[in-house]
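Take a look at the structure below.
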Amino acid sequence: MPSGSDTTAEAAPTGPDADRPGQRTTGSAATPPTEGAEGAEGGDAVGGRKPVGGGDAAEGRKPGEGGDAVGGPVPVEDRDAAEGGASGATGAAAPGTAASGAASAVPASAASGAAADASETASDASGSVPAASETASAASAASGSASAPSPGGRRLGRLRHLGPLARREARRSALAAVSGLALGLAFPPFGVWPLSLVAVAALALLTHGRTARQGAWTGFAFGVPFFLLLLKWLSVVGWDAVVGLSIIEAAFLALMGAGLALVSRLPVPALWPLWTACLWVAEEWARDRVPFGGFPWGRLAFANTGSPYTPLAALGGAPLVTFGVALTGGALAGAALTLWRLRGAGGFSPRRALPAAGAVAVAAAVTAAGFAVPVPTAADDSVDIAVVQGNVQQAGMDFLGRPMKILNNHVNATLDLAKDIRAGRIAKPDLVIWPENASDLDPFQYREAYARIDEAVKSIGVPVLVGALVDHPTKQGYVENQGIVWDPKSGPGASYTKQHPVPFGEYVPFRQELSKVITRLQRVPRDFYPGDHTGVLNVGPARLGDVICFEVAYDEIVRDTVNAGARAIVVQTNNATYGRSGQPEQQLVMSRLRAIEHGRPVITAATSGISAVVSPDGTIEQRTKEFTQDVLTARIPLRDGKTLADRVGAIPEWVLAMVGVLSCAAAIMIGRRGRTDEKGQ
């Protein structure tokens with residue numbers, strides 16, 4: 001199956017966060033702490049301790065820093081679960097008449113339920129069994145009960161809090177889902193790139209001050225609708241494929257959501273946007289590589305191929321563009337959080353608003369930085385090209401139609417081009433480019449296919465880069481997706497084989513097992529065999545770097561091709577399966593990013609559209625409509641110089657991703673140290 005026909009295995013979604021709120025047992029029964037209460041003031045005052053302001057004392061932060069910038073202060077149950085929520089109940093059990101007086105006012109059953117909830121909360125938040133046991137024992141002693149809470153009491157305690165928990169998380173989950181949809185609208189075919197900043201800021205705020213589990217659920221609630229909207233073009237294969245792949249990809253955003261929640265509690269709040277941006281890079285780093293070689297669709301950089309951040313690609317590739325977008329979104333979130341806190345902490349004043357002003361200044365500086373990046377476009381040489389889009393018989397999974405149909409379309413379009421050249425209507429090009437799968441039959445196995453290609457090439461009189469499916473010469477049953485240089489005098493010569501076949505579209509992992517369960521996979525009759533070298537090909541007077549279809553989404557494949565000597569980039573693609581679904585537009589913007597990243601023109605040749613010519617500065621000079629037969633002619637620059645992104649390679653991505661991972665590790669260590677110190681007191 002051609003590379004445009006990509007499917008994926010189904011995956012079960014992960015469930016929502018099951019963290020349950022704890023309940024203080026130390027306050028008066030007549031005045032229980034409310035959901036919006038600040039910190040653990042009731043319980044801690046009884047125990048003779050200072051209020052912790054939402055559990056921030058464990059990290060040395062001021063009261064109120066764990067507040068929720070979206071819906072007001074974080075409920076005490078959530079904050080305590082994140083930072084040692086058992087401490088309030090433990091402190092309440094300290095010797096003192098106030099504690100015993102408060103205990104006498106609390107019914108034994110309520111205390112038992114509270115003890116169970118406090119135990120579970122402490123266990124979920126810190127993973128510390130001793131802390132949970134200590135909390136339960138303290139609550140049991142305060143209630144005057146000598147026996148441990150009964151299972152029935154635990155169940156009642158859990159059920160009593162399910163309603164408030166569901167209502168509270170439903171609002172946050174709904175906001176996360178809306179933010180995910182906003183990010184989807186930042187990508188083509190909608191292309192509202194500023195929404196990517198809004199979505200990053202919203203997710204940062206929604207996970208701020210939360211537990212890791214709550215952050216993971218928020219990230220998942222954000223990711224599923226985002227990918228459902230982004231990948232709806234897979235509905236051609238089946239909506240189960242859309243849902244399955246969306247859930248798999250959203251799992252990475254769930255991990256990032258947990259990380260965002262963790263780093264929001266690190267000291268030096270001014271650095272929060274930095275940790276946020278690094279975590280976005282880390283998430284994309286992982287998603288670009290696993291499973292089965294990764295799936296890079298949906299990177300922030302691909303939503304910003306025509307924004308002020310795009311030139312950053314010339315310095316550090318797509319990862320640096322993602323970093324710039326996420327840093328700006330994180331800075332805006334920091335400013336919003338500061339202003340929200342001022343609203344409830346004594347009002348606005350210029351001095352207290354300085355952190356917000358600083359965050360806005362950072363966002364503005366990062367945005368403006370792109371305009372200062374030089375994008376090299378000067379040509380060392382030039383060449384005249386023609387791109388042939390022959391069109392297909394029909395859209396969808398069965399676009400191939402009958403054998404030879406697609407090949408004849410491209411042959412006839414090339415013969416018509418040759419007639420126009422002889423008539424003087426069009427200047428003769430130096431080379432011609434056909435798309436991926438332009439020959440739907442192996443020309444080395446089928447004489448008719450060979451003869452038709454040879455006829456077209458000799459008619460035009462210049463080398464043609466032909467996309468063809470070729471049987472593997474030694475491994476029976478395998479096929480290769482190739483770009484072949486076909487010369488009018490010597491015939492077929494050098495070729496490039498696609499290095500990254502698409503799982504479940506061009507090969508089926510665990511075919512024997514999965515095809516029994518998912519019968520649709522039997523529509524991929526043969527597995528594509530991967531190539532083992534870059535696609536640098538001499539096509540007439542030009543040294544071109546060939547990448548095939550989805551390979552344009554992978555940083556290393558395009559970068560290696562340029563570093564191997566390609567003076568221009570060619571993307572041979574077949575998007576006929578997903579025509580008029582938004583997928584061709586999503587792939588085309590990747591060509592725009594690659595042009596700026598490598599300072600090379602990018603020529604996209606598609607069977608049914610969108611074929612295009614992109615200049616080194618990312619400008620789309622020409623493009624075709626979908627499902628039309630057309631020919632593009634253009635003079636493109638050939639360049640030998642390399643950008644900084646070509647020289648540094650993947651180093652910026654690795655550094656930024658590691659900073660994100662290490663920031664999470666630091667947050668975990670600081671949190672554990674804080675809980676240990678609190679127990680020692």
Side-chain angles (χ1 to χ4, degrees), residues 36-39 41 50-76 78-79 82-83 171-172 175-176 178-179 182 193-210 215 218 260-280 307-309 323-372 663 667 670:
E38 284 292 326
E41 294 174 321
K50 296 180 180 179
V52 296
D56 290 326
E59 296 179 10
R61 293 163 60 183
K62 296 179 181 180
E65 285 187 353
D68 177 10
V70 176
V74 176
V76 64
D78 300 330
R79 292 199 303 265
E83 300 180 43
R171 182 178 65 175
R172 191 178 297 270
L175 289 172
V178 171
S179 302
W193 67 263
L195 288 177
S196 61
L197 304 176
V198 176
V200 170
L203 183 60
L205 290 171
L206 288 168
T207 54
H208 188 275
R210 307 291 284 174
T218 302
L260 290 173
L262 287 171
V263 301
S264 71
R265 300 177 178 277
L266 282 172
V268 192
L271 294 178
W272 175 44
L274 175 62
W275 314 138
T276 297
C278 290
L279 282 174
W280 273 97
S307 76
Y309 305 96
F323 176 78
V325 173
L327 183 59
T328 302
L332 294 176
L337 183 61
T338 300
L339 294 176
W340 180 267
R341 285 171 175 167
L342 290 179
R343 175 178 175 269
F348 177 86
S349 69
R351 184 180 63 83
R352 300 178 69 184
L354 280 178
V360 172
V362 169
V366 175
T367 304
F371 294 106
S663 67
I670 291 174

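In this text the structure is predicted, and so the values were computed from the model without any measurement. Just so you know, residue 1 is the first one in the sequence shown, and it goes up from there.
The two residues L205 and A336 come nearest to each other via the heavy atoms CD1-CB, 4.3 Å. Among all heavy-atom pairs drawn from A201 and G329, the shortest one is CB-O, 3.3 Å. Scanning both residues, A356 and A335, for their nearest heavy atoms gives O-CB, 3.7 Å. Contact detail for G324 and Y309: the closest heavy-atom pair is O-CE2, 3.8 Å. The shortest non-hydrogen separation linking V263 to S663 is CG1-OG, 3.3 Å.
The shortest side-chain heavy-atom distance between F323 and L274 falls under the 4.5 Å cut-off.
If you take CG on L260 and NE2 on H208, they are separated by 10.5 Å, rounding to the nearest 0.5 Å. With values rounded to the nearest 0.5 angstrom, S264 atom OG is found 7.0 Å from W272 atom CH2.
Considering T276, L175, T218, V198 in turn, T218 is the only one that fulfils the side-chain contact (heavy atoms from CB on, under 4.5 Å) rule with L203.
For A326, the side-chain contact (heavy atoms from CB on, under 4.5 Å) partners at least two apart in sequence or on another chain are V200, A277, W280, L300. The side-chain contact (heavy atoms from CB on, under 4.5 Å) search around V362 returns A331, V366, not counting sequence neighbours. Partners of W275 under the ring-ring contact (aromatic ring centres under 6.0 Å, His included) rule, at least two apart in sequence or in another chain, do not exist in this structure. Among residues two or more places apart in sequence or in another chain, the side-chain contact (heavy atoms from CB on, under 4.5 Å) test is passed with A361 by none. Partners of S179 by side chain to side chain donor-acceptor pair (under 3.5 Å), not counting sequence neighbours: none found. Taking P308 as the reference, W193, T367, F371 meet the side-chain contact (heavy atoms from CB on, under 4.5 Å) condition, with sequence neighbours excluded.
In this structure a side-chain-to-backbone donor-acceptor pair under 3.5 Å is present from R172 to L206.
Sorted by first and then second residue, the pairs that involve residues 194-204 and meet side-chain hydrogen bond (donor to acceptor under 3.5 Å, both in side chains), not counting sequence neighbours, are S196-N304.
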